[in-house]
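Just so it is clear, the structure is predicted and the values come from calculations on it, not from any experiment. Counting starts at 1 for both ligands and their atoms, following the listed order.
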Amino acid sequence: MKRKIAVLGATGSIGKSTLDVIAANQDDFEIILLSAHQDTRGLLSLGTQLPSAKLVITDHQKWEGQTPETRSVITYWGQDGLVQAIKESGADIVVNGIAGAAGLLPSITALETGADLALANKETIVMAGPLVASIAKKNHCRILPVDSEHSAVFHLLEAHGADAVEEVILTASGGPFRQYSREQLEQVSLQDALNHPTWKMGGKITIDSASLANKGLEVIEAVRLFSLKVDQVSVLVHPQSYVHSLIRLKDGSLYAQISKPDMRVPIHNALFWPEVRYCQFGRLDLVGQSLHFEQPKTDLFPLLPLAYEAARLGEGYPTAYNAANEEAVAAFMKGHISFVDIGRIVAQVLEKEWSCDELDLQSILDVDQRSRAAAQECIKELHH
Ligand code: MG
């Protein structure tokens, strides 16, 4: 029987890659729900090809502005509409490709319905790792990482057993500013930051890759997703983006997952898990290739060491790190602050108190709100 798939963030880069994987495996999967935030036209065009799928626009105002005809096709709207559509969909697997903290509630809803969660939204784990793990356990469903590094680690841990592992090494492309000096970093424009050398992704994550905040979020994600100690997770810059991550076993051996940088590989692996099936995407011929590795420059890219600090402090700190960074990146994209201000703002927000005894949803959302407000204060001071 075909497995029923819901694709959240269907018009974004994860969504498009997911639709490619499903198009290549039509005997195995069927799409029953598609959501987008604002791209009504893109969603409608996908809906024409899949007339039985439920369609959701999560931006309430965007939906309000549509013609009655469009609204009769896109029958769910807003965050509440997405939650309701997931509950009614009967999905076996929910692919969450939503960008940012907005992905948390849909992840929780998916797990509560008993669906497996193919997760590209790292904020879900950064903000609420222990909470979503317990919801998944209670409902007997799996969290299948789609982030390329975590997909690699997930499959490596599965192959070798978590007990044998000493260290997890996440690779980073290093982004477009890998070889920049401090002076050059102070001058970078939005256009420079949006120009990623190896991956084609949305704006926010591309800027996070340039600042290494994306790798910072991934360190926290790895700690919380795989129940690792912070010191067990390290980062290695690897500009080719062929090695997606490595594990070092207690005997000293390194094992890596290697393929071209193509998100369809981790998506394929998540959708077919636990089976290993033929995949036409991302195949790499190693002949003539050279693989380079170097240390990340933590003095020039403070968002990486700040993420380690947030991971060590735990509790509400990872949520505050993420929220402050989201606000700062949005301000950078509007031209209100400079690229290097992003790190300054996150550092200032993390100096405040973000302990919380219980990591339930309400406390997490409360930290999220308060840390965004704190970030806005810093942005106001920097934006003249
Ligand atoms: Mg990644």
Q) Under 6.0 Å between the ring centres of His268 and Phe281? A) no
Q: Could you check which N/O/S atom of Glu218 is closest to the Mg ion (ligand 1)?
A: OE2
Q.
Would you say the ring centers of Phe272 and Tyr278 fall short of 6.0 Å from each other?
A. no
Q. Taking the N/O/S atoms of Asp147 one by one, which is nearest to the Mg ion (ligand 1)?
A. OD1
Q. Should Asp231 and Arg312 count as an ion pair when the cut-off is N to O under 4.0 Å?
A. yes
Q. If you check every N/O/S atom of Glu149, which is the one nearest the Mg ion (ligand 1)?
A. OE1
Q: Evaluate the ring planes of Phe177 and Phe339, with Trp represented by its six-membered ring, and classify them as parallel (under 30°), tilted (30 to 60°) or perpendicular (over 60°).
A: perpendicular
